[in-house]
Each structure stands twice: as C-alpha cells, then as structure tokens.
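Residue numbering restarts at 1 for every chain, and letters A, B, ... go by the order of the sequence lines.
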Amino acid sequence: MPNDIFADLTWRGLIYQATDEALQSWLNSQPRSLYIGFDPTADSLHVGSMLPLMLLRRFQKFGHRPIALVGGATGMIGDPSGKSEERQLLSVESLRHNVAGIERQMRVFLDFEAAGNPATLVNNFTWMSGFSYLEFLRDIGKNFPVNVMLAKDSVRSRIERADSGISYTEFSYMLLQAYDFVHLFDHYGCELQLGGSDQWGNITAGIDLGRRMRSAKLYGITCPLLMDSEGEKIGKTAKGTKVWLSPERTSPYLFYQYWYNIPDADVGTCLRYLTELSREEIESLDASRQQDAGQRNSQRRLAEELTQIVHGAAGLAAARRASEVFFGGEISGLNDSQLNEIFPDVPNHVLQAGALQGDGLGLLDALVMAGLAGSRGEARRLVQQGGVYVNNRRMTDPDYRLTSADLASQTVVVLRTGKKKYALLRLASE
RNA sequence: GGGGGGUUUCCCGAGCGGUCAAAGGGGUCAGACUGUAAAUCUGAUGGCUUAGCCUUCGCAGGUUCGAAUCCUGCACCCCCCA
C-alpha cells in the first residue's frame with residue numbers, strides 16, 4: 001500500500017541532498033537495494049545511529065531491500081569526515097567484539113526474514129581483508145584522481161588547518177568506502193547509498209568509482225544530522241554521556257526519560273526523523289503542543305514510540321512503571337520484586353541483617369553508605385536544605401534514625417536526594 | 001647563561017602577620033517557581049562527635065605568642081635579555 005518513500009522522506013525533512021532529480025520515480029518504479037554504513041566504534045549503537053537505522057527500516061517497509069553495512073574494515077582506518085583530528089585506531093580484537101554487538105541490535109530494527117525483501121547485514125571486512133596492497137592500488141586507486149580527492153571537504157578542511165593535518169591512512173578512507181559501494185553493486189545489485197550529510201563526499205566518491213569501473217549508474221541521498229536547536233548533536237545527556245541502545249549501557253527507563261525530556265523546540269524534529277508516526281498524528285501533536293506545551297503529549301509519544309522499538313513492549317512497560325513511581329508520591333505497599341523491577345539500575349547498598357533493629361541506622365550515615373553524599377557533613381546539609389527523601393517522603397531531621405518501620409517493602413528502603421537521584425538500602429537476609 | 005613573575009580550597013581568581021576555612025566569578029548540589037522543561041530567584045559548596053573542634057593555601061624547614069601572608073632551600077610553570 002505505501003509506495004512513495006521519497007515523498008515520505010521529503011515531508012519528514014529527511015532529504016538533505018540527492019544526487020539525481022529522477023530518484024523519486026526511480027525508487028517508485030520497482031524495489032531497489034540500498035545501503036547505509038555504520039561505524040563499529042563501540043559494542044553498542046547509540047541514539048545517533050537511530051536515524052539511519054530508521055531510514056533503512058522505512059525503506060524496507062516501502063518494499064525496498066535494505067543493506068546494513070558494518071564497517072569492520074573501514075573502522076580500522078577511521079573516517080575523517082566531520083572529524084577535526086586524526087582518530088585513534090581500534091584494535092582488531094575490539095573491532096570484532098563491537099561488530100558482534102552492533103549486529104545484534106540491528107535485528108531489532110530490520111526484518112532479516114521478510115518475504116521478498118529481507119534486510120541484509122554485511123561486514124566490509126569480509127571482502128576488504130582479502131585485498132593485497134598492490135591489487136588495491138592497481139584496481140581501485142587508479143580510478144581516484146588526487147586533485148579530486150583533495151577537493152573533498154573532509155580532506156580539505158583537515159589540510160587547510162595548520163594545526164591538524166591528515167595521515168595517508170585517513171586520506172585513503174574514501175577509497176575504501178567507495179569500493180564498498182561497488183562491491184555491494186556487484187554482489188547485491190545495490191544502487192543507492194544513504195548517509196548523514198557529512199557523508200556526501202564519500203557517497204559521491206563511490207558513485208564515481210561505480211561509473212569508472214562498471215559504467216554503472218549509482219545514486220546517493222544524504223539526510224540531515226540529528227541536531228538540537230542549539231546546534232548540538234542529539235543523543236547526549238546533560239552530563240554529556242551518550243544514550244545507548246543496549247539496555248546494559250542505558251536502561252530502558254533512562255532511555256525513556258531521555259526522550260521524555262526533549263525540549264519543545266526539538267521534539268517535532270525528533271518525531272519526524274525517528275518515529276513511524278503518520279503525518280496526521282505528528283501534525284496533531286504539533287498543534288497540541290502549541291496549545292498547551294505543558295501537557296507534553298509530543299514528548300510522551302516520542303518516548304513511547306522509541307522505547308517500544310528499541311526495548312520492546314516489556315521494556316516500555318518497565319520504563320513507564322518506573323517513571324510513575326519515581327515521580328509519584330510516597331512509596332509504600334510494594335513488595336521486593338516490584339521494587340527491584342522498578343529500580344533495576346539504581347545503585348544499592350546491602351545492610352547487615354540487624355541494622356534497622358533497636359536504635360536503627362542514622363540517616364546521615366545511611367546517605368553516605370548509599371553513595372548519595374560524600375561525607376556526613378554533606379549529608380547533613382542536604383537534609384537541612386530539604387533535599388533528602390526516604391521512600392519519597394521528605395526528611396528534615398538530621399538526627400533521624402532509620403528503623404524497620406521505614407522499609408518500603410520486605411527488605412528495601414528507598415533513599416533519594418534532589419529531584420531524581422535514587423539509591424536503595426537492602427537488608428541482608430540472616 | 002643573566003633578570004623578573006608565578007604556584008591559593010573542583011576551575012578561574014582576590015588575599016594588610018592575627019578578626020582567613022580564606023573575597024568574587026564559574027561549575028556543582030539543594031530549595032522555590034514550573035511542564036520531571038527553559039528562564040529566574042534563594043541557599044549551600046574541606047572534615048568531624050557541627051553554636052565547638054580538627055586539617056588545608058606547590059614541597060621541606062625556619063622566624064614569630066601567632067603565617068596563605070616574612071626568611072631559607074627544593075620542585076614545577078611563565079615572561080624579558082643573551
């Protein structure tokens with residue numbers, strides 16, 4: 001039923017540059033194979049990779065054949081695009097580890113069993129590693145005029161700067177990526193490459209190479225980079241840590257919260273770029289946001305959609321339950337297993353079995369043990385300033401002693417400082 | 001090689017021999033407001049058994065009743081002249 005992928009991408013604002021006027025009709029005339037490359041710089045993808053992943057997913061839903069290329073070979077070299085400095089090379093071993101982790105996550109976004117147009121996953125190490133240096137120079141390098149290479153933004157910006165420069169290795173990067181495209185054309189009939197706007201130079205290099213070596217007509221599209229209204233890349237928390245797709249690195253709760261807290265100015269872009277919501281729904285969210293931004297329907301919808309895709313229904317449910325408790329009232333009437341599920345990634349400290357008996361445990365000491373305060377003095381200040389909560393109930397007495405009456409469940413006391421910094425005290429069983 | 005300046009609590013930076021745990025700014029933390037926002041405002045920001053005590057001002061000594069402030073030596077940094 002859906003057929004015009006190009007029109008869909010256009011209204012979402014996902015077309016930044018395209019190599020050919022006729023791309024729209026070319027795409028609509030029959031299913032095509034297309035690819036996007038991913039850098040294996042870590043063993044998990046992060047939020048920054050969601051945009052290209054969703055692009056592949058969109059193409060697949062519109063009946064095309066997506067190919068996800070993991071750069072096991074190119075990752076060894078380092079793409080100079082968008083980088084101001086020479087990159088640190090990754091070891092072969094860590095690359096292999098990273099590629100494996102990334103492959104696993106791709107399966108969440110793409111359907112590799114789809115009848116007719118299954119997604120394909122390739123690793124350019126499988127064909128690149130076989131090349132000899134001489135072969136590569138004769139067959140591939142011969143087709144690259146250095147003056148053209150020097151004119152590419154990614155290279156020029158590095159050469160023109162007196163303080164950076166570029167190594168021969170990184171300079172050669174575009175040859176590898178260009179050859180990937182030709183290889184995929186040969187083996188998978190792939191005629192279209194997509195990428196972020198910083199990939200334009202690499203994509204056109206591949207198109208040129210395809211023409212020279214195979215007389216093929218190849219296509220390229222770039223999409224905008226996912227930036228916030230301040231011009232910063234989206235996908236980092238206030239603390240500057242990346243938001244990852246793997247639940248081990250970023251829990252579903254934190255992932256959900258990240259999107260829930262996207263500023264009004266950016267949420268519309270995120271909905272268009274990252275979700276599969278229909279145009280009607282997104283525009284009605286725009287309207288509701290204009291009317292009453294405080295409702296945050298857009299943010300909620302965004303967080304739900306993305307958490308659902310990345311962490312599944314169970315992950316979304318857990319994130320929502322946790323959010324309700326974290327930002328709700330007093331915590332009571334829960335049992336241990338419920339609390340464990342709600343606070344999976346909250347640090348916890350185990351108390352000795354009898355710690356809450358008799359006189360109990362001083363609140364200040366408890367805060368220090370739990371890691372919520374660096375010293376008793378700091379803990380005291382927090383309490384005096386009204387920033388300490390036990391089971392979400394504010395405590396104002398620095399001399400308060402926790403006893404078994406303060407347990408939120410069988411064995412757990414929930415401590416909190418500030419708005420949302422939690423820690424658990426867990427009573428050891430005998 | 002010669003001359004001069006510097007090293008302060010997370011960062012920058014002020015600091016008369018006593019009244020300096022050390023101005024001010026930034027950052028951070030907490031509170032109020034709010035939409036789990038932005039902006040704004042308020043408070044806190046070495047440790048402790050917290051109206052008191054203890055340990056900090058490059059390092060090691062010394063002078064003094066008393067030193068971040070004076071003297072000596074050491075380490076590192078910067079500038080000027082060769």
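Ring geometry, A/Trp259 versus A/Phe255: the interplanar angle exceeds 60°, so the pair is classed perpendicular (tilted spans 30 to 60°).
With RNA chain B read from its 5' end, the first of the two nearest nucleotides for A/Ile262 and A/Ser375 is the one closest to A/Ile262. If A/Phe327 and A/Arg394 are placed on RNA chain B by their nearest nucleotide, the residue sitting closer to the 5' end is A/Arg394.
Residue-to-nucleotide contacts include no donor-acceptor pair under 3.5 Å from the side chain of A/Glu378 to the base of B/rU45.
A donor-acceptor pair shorter than 3.5 Å cannot be found between the side chains of A/Arg426 and A/Thr411. Residues A/Gln193 and A/Asn202 have side chains that never bring a donor and an acceptor to within less than 3.5 angstrom of each other. Between A/Glu191 and A/Tyr219, the side chains place no donor N or O within less than 3.5 Å of an acceptor N or O (distance only, hydrogens not considered).
Summarising the local packing, CD of A/Gln290 is surrounded by 12 or fewer heavy atoms from other residues, nucleotides or ligands at distances under 6.0 Å.
You'll find the ring centres of A/Phe326 and A/Phe343 inside the 6.0 Å limit.
Distance from the side chain of A/Tyr260 is smallest for B/rU36 among the nucleotides B/rU50, B/rU36, B/rG35. For A/Tyr389, counting side-chain heavy atoms from C-beta on, the closest listed nucleotide (B/rC29, B/rG31, B/rG47) is B/rG31. Side-chain proximity of A/Gln385 to the nucleotides B/rU45, B/rG35, B/rA30 is greatest for B/rA30.
Nucleic acid contact for A/Arg296: base, since at least one base atom lies under 4.0 Å from a heavy atom of the residue. At a threshold of 4.0 angstrom between heavy atoms, the contacts of A/Asp292 with the nucleic acid are absent. Counting non-hydrogen atoms under 4.0 angstrom, A/Gly377 reaches a base of the nucleic acid. Nucleic acid contact for A/Gly387: sugar-phosphate only, since backbone atoms but no base atoms lie under 4.0 Å from a heavy atom of the residue. Among the protein residues, A/Gln299 comes within range of the nucleic acid bases, having at least one heavy atom under 4.0 Å from a base atom.
Distance check on atom P: B/rC79 versus B/rU9 gives 22 Å, rounded to whole Å. Comparing the C1' positions of B/rC33 and B/rA39 gives a spacing of 11 Å, expressed to the nearest Å. Rounded to a whole angstrom, the distance from the C1' atom of B/rC11 to that of B/rU63 is 35 Å. Across the C1' atoms, B/rU8 and B/rG3 are found 26 Å apart, a figure rounded to whole Å. Only the C1' atoms considered, B/rU55 is 16 Å distant from B/rA67, to the nearest whole Å. Of the P atoms belonging to B/rG27 and B/rA38, the separation is 14 Å, rounded to the nearest Å. Here, B/rG47 and B/rG62 have their P atoms 30 Å apart, quoted to the whole Å. Between B/rG17 and B/rC65, the distance separating the two C1' atoms is 12 Å to the nearest Å.
Rounded to an integer number of Å, the gap from CZ of A/Arg380 to C1' of B/rG47 is 12 Å. Distance A/Tyr256 OH to B/rU36 C1': 11 Å, rounded to the nearest Å. As rounded to whole Å, 17 Å separates atom P of B/rU45 from atom CZ of A/Arg376. The distance from atom NZ of A/Lys419 to atom P of B/rG35 is 13 Å, rounded to the nearest whole Å. Straight-line distance from the CZ atom of A/Phe326 to the P atom of B/rG35: 22 Å, rounded to whole Å. We find that CD of A/Gln384 is positioned 10 Å from C1' of B/rA44, with the value rounded to whole Å. The distance from atom CG of A/Asn261 to atom P of B/rA37 is 7 Å, rounded to the nearest whole Å. Between the CG atom of A/Leu382 and the C1' atom of B/rA44 there is a distance of 9 Å, rounded to whole Å.
Nucleotide B/rU63 has no partner under the Watson-Crick or G-U criteria, as no pair reaches both atom distances under 3.5 Å. Across every strand in view, B/rC48 sits in a pair with B/rG52 that passes the Watson-Crick or G-U test at under 3.5 angstrom. In this entry B/rG17 has no Watson-Crick or G-U wobble partner, no candidate having both defining distances under 3.5 Å. Pair assignment for B/rC76: B/rG6, on the basis of Watson-Crick or G-U wobble contacts that are both within less than 3.5 Å. Taking a pair to require two hydrogen-bonding distances under 3.5 Å in either a Watson-Crick or a G-U wobble arrangement, B/rA39 remains unpaired.
A 4.5 Å side-chain heavy-atom check between A/Arg65 and A/Gln60 finds every atom pair outside the cut-off.
A cation-pi contact links A/Arg107 to A/Phe112, judged by a cut-off of 6.0 Å to the six-membered ring centre and 45° from its axis.
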Check: Does the pair A/Asn335 and A/Ser337 meet the rule for a side-chain hydrogen bond (donor to acceptor under 3.5 Å, both in side chains), with working shown?
Finding: CA-CA 6 Å; A/Asn335 62 40; A/Ser337 63; 3.0 Å; yes

Let me check something: any side-chain donor-acceptor pairs from residues 358-377 of chain A under 3.5 Å, sequence neighbours excluded? List them with distances.
from, atom 1, to, atom 2, distance (Å)
A/Asp365, OD1, A/Arg376, NE, 2.8
A/Ser375, OG, A/Gly377, N, 3.4
A/Ser375, OG, A/Glu378, N, 3.1

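Near RNA chain B, defined here as any heavy-atom distance below 4.0 Å, there are no residues from residues 359-374 of chain A.
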